[in-house]
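We number each residue from 1, following the sequence as shown. For ligands, and for the atoms within them, numbers begin at 1 and follow the listed sequence. No hydrogens, no waters, no symmetry mates; every other heavy atom, side chains included, goes into these values.
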Amino acid sequence: MTDTRPVLFFDSGVGGLSVLGPTRALLPHASIVYAADSAGFPYGTRSDADIAARVPALLGRLTERYHPRLIVIACNTASTIALAAVRAALDLPVVGTVPAIKPAAQQSGTRVIGVLGTPATVRQTYVDDLAARFAGDCVVLRHGSAELVKLAEAKLRGEPVEPAAYREALDGLFGQEGGGEIDIVVNACTHFPLIAQELSQAAPHPVRFIDGGPGIARRIAHLTAGQSWPETSPPGKAVFTRLGHAERALEPALSGFGLDTIEAL
Ligand code: DGL
């Protein structure tokens with residue numbers, strides 16, 4: 001019998017689409033529910049306590065409603081703060097998104113790495129631990145930008161964004177002492193691969209940006225190996241905790257990721 005249970009993606013906004021994209025490429029027949037906590041957006045400027053309370057509760061409600069086979073927390077902020085609590089609360093596989101510091105350290109020639117995330121993510125001890133474990137011989141420069149998250153959302157709503165806005169946001173990273181030697185930047189926020197081209201163009205010197213999306217897609221494929229999927233690619237669904245004009249304006253972008261229906265939680 002065909003297993004119609006979806007994979008549930010979760011983010012504060014559209015960032016998780018950068019994880020959904022590579023997942024769809026690997027698993028084209030997967031049923032998808034993409035949940036965005038638009039009522040709680042943005043997460044990056046919230047307190048840890050707020051996110052720790054909000055994310056497990058919401059994922060509990062989403063699980064009751066959509067009965068997913070697997071949850072993907074496609075948000076670095078939520079994962080670095082609440083992944084363990086979500087795993088403890090729910091009896092199903094939960095894949096998180098954490099900054100790709102390990103591959104960055106493996107690839108850096110200059111041994112100076114940038115970590116670009118939200119203000120909440122870059123202050124986490126989770127990031128200290130990743131840097132100590134995997135990039136002990138590197139200088140790891142961090143910058144938290146809430147502005148870039150807003151710019152990514154604006155882009156997906158089809159709004160024009162001035163290139164200077166990206167340059168200003170990146171100055172907080174490259175303007176740090178040693179920033180001129182960064183050769184790899186970890187996109188430690190799922191919103192940022194959605195503005196990859198803009199970031200590359202705005203960087204003051206050529207750098208490589210990396211993110212965890214393709215690796216997470218492979219992990220999802222591994223965890224669901226041997227499970228059945230619908231025979232044809234089913235239409236995906238986007239669910240918002242607040243559904244207003246701003247979310248409706250995302251419809252064309254969502255449909256580009258196969259999310260053809262929108263509803264409120
Ligand atoms: N996309 C999220 C992340 O990966 C958070 C964006 C936000 O709401 O600040 O961290």
Side-chain angles (χ1 to χ4, degrees), residues 8-23 34-56 58-59 62 71-83 85-86 94-101 104 114-127 130 142-157 161 165-166 169 172-173 185-196 198-199 209-217 219 238-242 246-247 250 253-254 257 259 265:
L8 176 74
F9 283 75
F10 177 81
D11 182 37
S12 58
V14 292
L17 295 176
S18 72
V19 182
L20 175 58
T23 306
Y34 183 92
D37 183 12
S38 44
F41 175 90
Y43 278 5
T45 49
R46 286 184 176 272
S47 70
D48 292 13
D50 203 359
I51 292 165
R54 189 169 184 95
V55 171
L58 260 175
L59 283 169
L62 287 160
I71 289 178
V72 185
I73 305 184
C75 172
N76 292 260
T77 312
S79 299
T80 53
I81 295 172
L83 180 59
V86 172
V94 182
V95 178
T97 308
V98 296
I101 290 175
V115 176
L116 193 61
T118 65
T121 295
V122 298
R123 68 170 181 252
Q124 295 307 315
T125 50
Y126 203 117
V127 179
L130 288 174
R142 307 179 195 185
H143 178 56
S145 173
E147 186 57 24
L148 286 175
V149 175
K150 279 196 226 157
L151 297 180
E153 293 272 333
K155 177 185 172 182
L156 267 69
R157 285 195 299 268
V161 176
Y166 294 103
L173 180 65
V185 175
V186 178
N187 273 333
C189 169
T190 52
H191 278 74
F192 301 166
L194 301 172
I195 48 172
E198 291 84 348
L199 290 174
F209 287 85
I210 63 169
D211 67 273
I216 296 166
R219 179 88 190 126
V239 185
F240 289 91
T241 54
R242 177 180 55 214
E247 291 74 32
L250 292 167
L254 294 170
F257 283 86
L259 302 171
L265 180 66

Practice problem: Give a yes or no answer on whether the side chain of Y43 reaches the backbone of A78 with a donor-acceptor pair at less than 3.5 Å. | Solution: no
Exercise. Looking only at non-hydrogen atoms, find the nearest pair between A39 and T241 and report the distance.
Key: N-OG1, 2.8 Å
Exercise. Please name all residues satisfying salt bridge (Lys or Arg N to Asp or Glu O under 4.0 Å) with E247, sequence neighbours left out, ordered by chain then number.
Key: none
Self-check item: Exceeds 12 heavy-atom contacts within 6.0 angstrom, atom CZ of R219
Solution: no
Quiz prompt | Residue contacts for ligand 1, heavy atom to ligand atom, distance under 4.0 Å | solution = D11, S12, F41, P42, Y43, G44, C75, N76, T77, T118, V149, C189, T190, H191
Quiz prompt | Minimal non-hydrogen separation, N187 against P193, with atom names | solution = ND2-N, 4.0 Å
Self-check item: Q124 versus N76, side-chain donor and acceptor atoms under 3.5 Å
Solution: no
